Amino acid sequence: MLTNHLFTITTPLYYVNDRPHLGSCYTTIACDAISRFKRLEGKEVIFITGVDEHGQKIQRTAESNSISAEEHCNNISSKYSELWNTLNITYDRFVRTTDANHQNVVNQFFNNVKKSGDIYMGNQKGWYCVGCEEFKDISENTERPQCDIHKKDLEWRNEENLFFRLSKYQTKIEQLVTSNDFIHPISRRNEIIKFVSKGLKDFSISRVNVTWGLPVPGYDGHTFYVWFDALLGYLTATLNNGGEYKLEQLERSGWPADLHVIGKDILRFHAIYWPAMCMSAGIDIPTRIYGHGFLTREGNKMGKSLGNVLNPLTLYELVGIDPIRWYLLRDINFGFDGDFQNKRFIDLINNDLANTIGNLLNRTITMSRKWFNNKVPIVTVNGNELIKSKSVHTINIVRKELDRYNFLKASEGIIELAKQSNIYLNDNAPWVAIKNDENYDEVSACIYDVLESTRIIGILLQPLLPNLSSIMLKQLSYSPEKVWANDLVWGKLEQDIELPTPKPIINRLDTNIEI
RNA sequence: GUCAGAGUAGCUCAGCUGGUUAGAGCAUCGGAUUCAUAAACCGAAGGUCGGGAGUUCAAGUCUCCCCUCUGACACCA
């Protein structure tokens, strides 16, 4: 397999403690946009997503709902896959850490790491919060410490755990994280560099009191802790291509991942633990880690306690997929935090999609049909070069920015072309010119130019708004190819072909709706 | 607490190595138009650039102090 034609991208494996929220949607939609872009650029993409299903927290949630952990995981996992299907996410693999094959991969990986001499038995002791399920960094001499979050007394625990020798990889990890392209965005890279420079400590990879997890081979009572379970899901998913689940098969299956897209909260584990683990297991390390920001709502954190969590499914049923994607991709600077604002959401959709782009398509097709026998005009004179050169310019910008995962800049470029096209129409006023027969050829050229720039807008929107894009192109009687290089050429719209009656490509949102 | 980043029009942000009247989009108001989803187009208003001091012929842009916010500071799925 020609690996340079492959592009492997992953979302995090979402923890199935609760149903999916807008944050996981954001990550997944970003990955979807990247995947679609890469495919359009001619790559063969392996788009991996999935769920992380083990751990005490899940066990406990299941218990509180009086169902088995398996049942709980099945419920929530299907909520995820169903949501991705509803949102038309083009994922190729959906991995569950409860898959039998996953255990197989985990065992192989663990054995490799063990052979490298990087596993040892140690003691994990400290103040432990049952609610948080973690050890707190509080001095041993503290009397009756409490958990800040749960306001409960902490328990002193001294637990036998297996450890991974992360400290051994200090130098290699330092080199890795300081290299230019490994961690994005740069602000986060600096945090990681600083963290690593303070010295890496070994970390525990097993738990003794958690039954809902994968057993560690050779160590009775131990189950793998999250990082030696969940992260390996990427490998399991990569190997899920009809072949054998052998680590030796990874390289010809699309590993290493070209891009792990994750939330900033788990950056350290992906940028430090994970590559060190891969080095130890003798497999290639991923090429790039991209930590994106979090979403707030009207300036506040989204959370159950505030009762302001935005349910993606509700939002979808209210406005459809295009507004959601447009808002997340065009308004949030990928890599930074974003704020979801009701008013801004509505303004953005109505302005960009309905008014600027939608109306451009509508008015241009209407004119073309009205004056050219329901068809695309036949051009006999050269049009103004302005819109053509503007289009070519926009194509370059959008491709360049998408290649950097800068959806915001790419979107702005597209909007700019739509604005220029609207201005071009207003400046040339073909509806005035057409009243004089002498201008017929000139008007043909003008309308064709704008139909063409609108087609290019439709093509460029494919990775960002696949649904809206396809509606636009259908109205322009244009069928795009799988790879967009040939579509992104001026003059591809056939002349003298029928144009159907245009319909609004998206309805304006009522400015009074509450999301 | 320590370190890092940020505080510029109502909102979201641009403003590279200091240099003429501080920019954009959205929101607001006005004009004009009708091909179009009362859309597009043109224009106006709107900022003592967090506060204070300093360097300089000149500071949003450099230095110092203060205030506010965000993030990191190891086991947070």
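Letters go in sequence order (proteins before strands), and every chain restarts at 1. All values derive from a computational prediction rather than experimental measurement.
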Send over the distance from [X] [atom1] to [N] [atom2], rounded to a whole Å.
X: Asp339(A); N: rC26(B); atom1: CG; atom2: C1'; value: 15 Å
X: Phe269(A); N: rA77(B); atom1: CZ; atom2: P; value: 7 Å
X: Leu348(A); N: rA27(B); atom1: CG; atom2: C1'; value: 12 Å
X: Ile186(A); N: rA6(B); atom1: CD1; atom2: P; value: 13 Å
X: Phe336(A); N: rU12(B); atom1: CZ; atom2: P; value: 16 Å
X: Asp265(A); N: rA74(B); atom1: CG; atom2: P; value: 16 Å
X: His260(A); N: rA77(B); atom1: NE2; atom2: C1'; value: 15 Å
X: Asp347(A); N: rG25(B); atom1: CG; atom2: C1'; value: 11 Å

Whole-Å [atom1] distance, [N] and [M]:
N: rU12(B); M: rA59(B); atom1: P; result: 29 Å
N: rG51(B); M: rA44(B); atom1: C1'; result: 32 Å
N: rU56(B); M: rG5(B); atom1: P; result: 27 Å
N: rG7(B); M: rA14(B); atom1: C1'; result: 15 Å
N: rC26(B); M: rG46(B); atom1: C1'; result: 14 Å
N: rC67(B); M: rU21(B); atom1: P; result: 34 Å
N: rA45(B); M: rU37(B); atom1: C1'; result: 29 Å
N: rU28(B); M: rG10(B); atom1: C1'; result: 9 Å

note = Separation between CD1 (Ile346(A)) and CG (Asn351(A)), nearest 0.5 Å, reads 11.5 Å
Distance, nearest 0.5 Å, that separates NZ of Lys375(A) from OG of Ser368(A) = 11.0 Å
Classify the nucleic acid contact of [X] as base, sugar-phosphate or nothing, counting any heavy atom under 4.0 Å across all strands shown.
X: Tyr424(A); answer: nothing
X: Glu412(A); answer: nothing
X: Leu13(A); answer: sugar-phosphate
X: Gly293(A); answer: nothing

query = Would you call Glu63(A) and Arg60(A) a salt bridge, taking side-chain N to carboxylate O under 4.0 Å as the test?
reply = no
message = Check the orientation of Phe228(A) and Phe109(A). Use parallel for under 30°, tilted for 30 to 60°, and perpendicular for over 60°.
response = perpendicular
inquiry  = For Tyr234(A) and His270(A), take the angle between the two ring planes, folded into 0 to 90°, and tell me which bin it lands in: parallel under 30, tilted 30 to 60, perpendicular over 60.
reply    = tilted
Side chains of [X] and [Y]: is there a donor and an acceptor less than 3.5 Å apart?
X: Thr11(A); Y: Tyr91(A); answer: no
X: Glu452(A); Y: Ser391(A); answer: no
X: Thr454(A); Y: Thr364(A); answer: no

request  = Return the set of residues passing side-chain contact (heavy atoms from CB on, under 4.5 Å) with Ile193(A) (not counting sequence neighbours), or none when no residue passes.
outcome  = Val177(A), Thr178(A), Arg189(A), Asn190(A)
remark   = Residues at least two apart in sequence or cross-chain that pass side-chain contact (heavy atoms from CB on, under 4.5 Å) with Asp99(A), listed by chain then number, are Val95(A), Arg96(A), His102(A)
inquiry  = A quick test of your reading: do over 12 heavy atoms of other residues, nucleotides or ligands sit less than 6.0 Å from CD of Glu438(A)?
reply    = no
task = Count the heavy atoms of every other residue, nucleotide or ligand shown that sit under 6.0 Å from CD of Glu442(A), and state whether that count exceeds 12.
result = no
task = Treat primed atoms plus P, OP1 and OP2 as sugar-phosphate and everything else as base, then score nucleotides 33-41 of chain B 5' to 3': B for base contact with protein heavy atoms under 4.0 Å, S for sugar-phosphate contact only, - for none.
result = -SBBB-SBS
remark   = Stems of at least 3 consecutive Watson-Crick or G-U wobble pairs (donor-acceptor distances under 3.5 Å) involving RNA chain B, listed by first number, are B:1-7 with B:67-73, B:10-13 with B:23-26, B:28-31 with B:41-44, B:50-54 with B:62-66
request  = Report the residues that fulfil ring pair (Phe, Tyr, Trp, His ring centres under 6.0 Å) with Tyr26(A), sequence neighbours left out, ordered by chain and then residue number.
outcome  = His292(A)
message = Quick check on RNA chain B: between Arg344(A) and Lys198(A), whose nearest nucleotide comes earlier from the 5' end?
response = Arg344(A)
Could I get a table of every N or O pair under 3.5 Å where one atom is in the protein and the other is in nucleotides 3-5 of chain B?
unit_1 : atom_1 : unit_2    : atom_2 : d
rC3(B) : O2'    : Lys194(A) : NZ     : 2.2

